[in-house]
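In what follows, a single structure is set out as structure tokens and then discussed.
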Amino acid sequence: MKILVLNGNTTAAVTERMIAALKPICPESVHLVGATAPFGLPYVSTRAAVAVAAHAVQEAVRAAVEGEQVAGRAPFDACFYACFGEPGIEALRAEHTFPVAGMAEASILTALQLGERFAIVTVGAAWPAMLRDLMRRTALEARCAGIKVVPGDALAVATGREEGLKLVRAAVDEVIARAAPDVVIVAGAALAGYGTALAGRVPVPVLDSLTAGFEQTLALARLGLGLGLGRGD
């Protein structure tokens, strides 16, 4: 199978870092192809950036699909939209025949299978308000115990692994103490890998949004192969 890993940010290093984090859990029979938003902001963290990213990802996926076609390679079996909040995901699903799994959707669905209430730890001061909008749209306000922001610049937190892990751990500890969630989601491309590093080190399950999203993408790809989907592009 072949999975497109889509980054809604313009920072190619984030795409590369996510693919590197996925490779250890990626089956040998699955090939990963990265796609980075061709325009927009280095990291999506404001409402304006979300609006731009919704357009940019359409172009990124079209270019990736066309590139496979021109090269005579098999089409994608699924797309993993690895940007928490996944702006423009509905348009992607409307345009392409392969399944598209969103990082936020997948993480939240997984959390709901593990407990009654979940909390989200992310980076970016504007994200709590945007995530509360997402909770309202999906009628999940009562299930979301709280949202905690990791301090600092998203890309700096992403690259400073040791210090970044300390900041994420502190945020996870705080939201557990304050909101008593059953599950904590460590959310966003910049925090990829931190949730996995904290698993088993805190008193509740911790989901890494990158891992949760990828696992659901694999499941959708396998289902798509069985149903004959994902082969029409």
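Residue numbers start at 1 and run along the sequence shown. On a predicted model such as this, the values are computed, not experimentally measured, just so you know.
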- Task: I would like to know whether Ser209 and Val186 meet side chain to side chain contact (heavy atoms under 4.5 Å, CB included); could you show each step before the answer?
- Result: CA-CA 6 Å; Ser209 63; Val186 176; over 6 Å; no
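- Taking the ring centroids of Phe76 and His96, they lie at or beyond the 6.0 Å cut-off.
- Under the 4.5 Å side-chain contact rule for hydrophobic residues, Val204 and Val183 share a cluster.
- For the residue pair Ala101 and Thr217, the shortest heavy atom distance occurs at CB-OG1, 3.2 Å.
- Every salt bridge (Lys or Arg N to Asp or Glu O under 4.0 Å) that Asp133 has, sequence neighbours left out, goes to Arg47, Arg136.
- The environment of Glu66 atom CD is sparse: at most 12 non-hydrogen atoms of other residues, nucleotides or ligands sit within 6.0 angstrom.
- The side chain to side chain contact (heavy atoms under 4.5 Å, CB included) search around Thr196 returns Asp208, Thr211, not counting sequence neighbours.
- Both Leu165 and Leu167 belong to a common hydrophobic cluster when Ile, Leu, Val, Met, Phe, Trp and Tyr are linked at side-chain heavy-atom distances under 4.5 angstrom.
- Arg73 places no side-chain N or O within 3.5 Å of a backbone atom of Gln69 that could act as its donor or acceptor partner.
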- Query: When you look at Val202 and Ile176, which way does the side chain to side chain contact (heavy atoms under 4.5 Å, CB included) test go after all the steps?
  - Reply: CA-CA 9 Å; Val202 297; Ile176 290 173; 4.1 Å; yes
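- Residues Ile120 and Leu140 fall within the same hydrophobic cluster, defined by Ile, Leu, Val, Met, Phe, Trp and Tyr side chains chained together at heavy-atom separations under 4.5 Å.
- The two residues Ala179 and Arg117 have their closest heavy-atom pair at O-NH1, 3.3 Å.
- The closest donor-acceptor contact from the side chain of Thr46 to the backbone of Ala49 lies under 3.5 Å.
- Distance OH/Tyr43 to CG/Asp153: 10.0 Å, rounded to 0.5 Å.
- Nearest heavy-atom pair, Ser45 versus Trp127, reported as atom, atom and distance to 0.1 Å: CA-NE1, 3.6 Å.
- Atom CD1 in Ile19 sits 9.5 Å away from atom SG in Cys26 (nearest 0.5 Å).
- Looking at Thr11, its side chain does come within 3.5 Å of a backbone N or O of Pro42 through a donor-acceptor pair.
- Residues Arg62 and Glu95 are paired through a salt bridge, judged by an N-O separation under 4.0 Å between the basic side chain and the carboxylate.
- What you find for Ala60 and Leu6 is that their closest heavy atoms are CB-CD1, 3.9 Å.
- Residues Val184 and Val175 form a side-chain contact, since some pair of their non-hydrogen atoms from C-beta on lies under 4.5 Å apart.
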- Task: Show your reasoning for whether side chain to side chain contact (heavy atoms under 4.5 Å, CB included) applies to Phe80 and Leu32.
- Result: CA-CA 10 Å; Phe80 174 27; Leu32 303 179; over 6 Å; no
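- When atom types are taken as modelled, the side chain of Tyr81 and the backbone of Val57 share no donor-acceptor pair closer than 3.5 angstrom.
- Between the side chain of Glu86 and the main chain of Met103, a donor-acceptor pair closer than 3.5 Å is present.
- At least one side-chain heavy atom of Val100 sits under 4.5 Å from a side-chain heavy atom of Ile89.
- Of all the heavy atoms in Met1 and Ala221, the pair that sits closest is SD-CB, 3.6 Å.
- Not a single donor-acceptor pair under 3.5 Å links the side chain of Thr10 to the backbone N or O of Pro38.
- Separation of atoms CZ (Phe118) and CD1 (Ile147) is listed at 8.0 Å; rounding is to 0.5 Å.
- Summarising the geometry, atom CG belonging to Leu191 is positioned 12.5 Å from atom CD1 belonging to Ile185; distances are rounded to the nearest 0.5 Å.
- Here the side chains of Tyr194 and Val206 are not in contact, with every heavy-atom distance at 4.5 Å or above.
- Scanning both residues, Thr138 and Leu134, for their nearest heavy atoms gives OG1-O, 2.7 Å.
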- Show your working on salt bridge (Lys or Arg N to Asp or Glu O under 4.0 Å) between Glu68 and Lys2 and close with a plain yes or no. CA-CA 11 Å; Glu68 298 304 294; Lys2 183 163 56 180; 2.5 Å; yes
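- The backbone N or O of Arg132 lies less than 3.5 Å from no partner atom in the side chain of Arg137, so there is not a single donor-acceptor pair.
- Neither Val14 nor Phe39 shares a network with the other; the hydrophobic side chains, linked directly or stepwise wherever heavy atoms of I, L, V, M, F, W or Y lie under 4.5 Å apart, form separate groups for each.
- Proximity of Val149 to Pro128: side-chain heavy atoms (C-beta onward) are separated by under 4.5 Å at one or more points.
- Criterion: ILVMFWY side-chain heavy atoms under 4.5 Å apart, direct or through other members. Under it, Leu109 and Leu220 are not part of a common hydrophobic cluster.
- One distance of note links SG of Cys83 with CG of Asn9; it measures 5.0 Å at 0.5 Å rounding.
- Side-chain contact between Pro75 and Val65 is absent, with no heavy-atom pair separated by less than 4.5 Å.
- Within the 3.5 Å criterion, the main-chain N or O of Glu116 finds a donor-acceptor partner in the side chain of Asp182.
- A salt bridge links Glu105 with Arg93; the closest basic N to acidic carboxylate O contact falls under 4.0 Å.
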- Under the side chain to side chain contact (heavy atoms under 4.5 Å, CB included) rule, what do Met135 and Ile108 come out as? Steps first, then yes or no, please. CA-CA 10 Å; Met135 296 305 119; Ile108 292 169; 3.6 Å; yes
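- Put simply, CG on Leu207 and CD on Glu215 are 11.0 Å apart, with the number rounded to the nearest 0.5 Å.
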